[in-house]
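Not measured: the values here are computed from a predicted model.
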Amino acid sequence: MDDRQLLRQLQKKSRGALEAAIAQYGAYVLAVIRNRSRGVLTPEDHEEIASDVFLSLWRGAAHIERGQLRPWLGAVARNQTAEAMRKKDVFLPLEDDTLITLDRLWEQMVEKERCEALARALGALPEEDREIFYRFYDLSQTTAQIADELHLNASTVRSRLMRGRETLRKLLSKGGLFHEDDVG
């Protein structure tokens with residue numbers, strides 16, 4: 001069952017829809033929870049949080065927009081994990097490599113400048129191309145899914161992604177914030 005059908009079934013409170021959502025996204029939700037808690041919660045805690053996430057899905061499916069199911073589940077899983085950690089009064093350990101140094105501050109400043117430049121460059125793209133980039137990079141949709149939802153040909157989506165990346169590369173290179181050796 002694809003995401004659109006699954007979301008419709010959840011919104012209608014159809015029998016079996018929640019089980020289908022758990023089967024399709026259970027591993028993803030547990031991975032988000034494990035990554036967010038980084039070993040300070042037990043596997044039982046993970047299962048309980050995942051149950052809460054899917055209960056929230058059942059109750060809140062009517063408020064989820066098409067194409068937003070996976071990001072919604074990820075956000076709820078992260079928030080529920082943070083809340084569980086607060087309730088249990090457990091915190092992530094501070095590791096030596098996360099201590100802030102001047103080098104790290106400099107890296108953060110440069111990264112912030114790059115993000116701002118990227119946002120400006122994305123703003124220079126046509127609105128439909130920005131939508132395609134958002135769906136592809138932020139929502140992790142395939143070109144086929146994007147094409148279907150935006151009523152485009154899949155090759156058109158791929159072409160727009162390629163041209164958009166080239167436009168971004170040129171704009172960011174011009175600003176000095178992108179170098180060919182920055183990408184693998």
query: Is the side chain of D129 donor-acceptor paired with the backbone N or O of L125 at a distance under 3.5 Å, no angle test?
result: no
- request: Inspect the surroundings of CD in E48 and state if more than 12 heavy atoms from other residues, nucleotides or ligands are less than 6.0 Å away.
  value: no
- prompt: Taking side chain as C-beta onward, heavy atoms only, is E44 less than 4.5 Å from E47?
  reply: no
query: A17 and W58: which non-hydrogen atoms are nearest, and at how many Å?
result: CB-CZ3, 4.5 Å
- prompt: Would you say T142's side chain and Q145's backbone share a donor-acceptor pair under 3.5 angstrom?
  reply: yes
message: When you measure from the side chain of T42 to the backbone of D45, do you find a donor-acceptor pair of N or O atoms at a distance under 3.5 Å?
response: yes
message: Testing the basics here: between I64 and L57, what is the closest heavy-atom pair and its distance to 0.1 Å?
response: CD1-CD1, 3.5 Å
Short side-chain to backbone donor-acceptor contact, Q11 and A61, under 3.5 Å: yes
message: Is it the case that the side chain of R70 and the backbone of L139 share a donor-acceptor pair, with hydrogens and angles ignored and the cut-off at 3.5 Å?
response: no
R4: partners by side-chain hydrogen bond (donor to acceptor under 3.5 Å, both in side chains), with sequence neighbours left out: D148
- prompt: To the nearest 0.5 Å, how far apart are CZ in F133 and CZ in R165?
  reply: 6.0 Å
message: For Q141, is there any backbone N or O sitting under 3.5 Å from a side-chain donor or acceptor partner on R135?
response: no
message: Under a 3.5 Å distance rule, please check whether T156 uses its side chain to pair with a backbone N or O of L152 as donor and acceptor.
response: no
message: With a sphere of 6.0 Å drawn around NZ of K13, does it hold more than 12 non-hydrogen atoms of other residues, nucleotides or ligands?
response: yes
Within residues 23-34 or reaching into it, pairs that qualify as side chain to side chain donor-acceptor pair (under 3.5 Å) - sequence neighbours excluded: D3-Q24, D3-Y25
query: Can E166 and R163 be counted as an ion pair, charged N to O under 4.0 angstrom?
result: no
Interatomic spacing from OG1 in T143 to CG in L150 - rounded to 0.5 Å: 11.5 Å
- line: Taken to the nearest 0.5 Å, the spacing of S56 OG from H63 NE2 works out to 11.5 Å
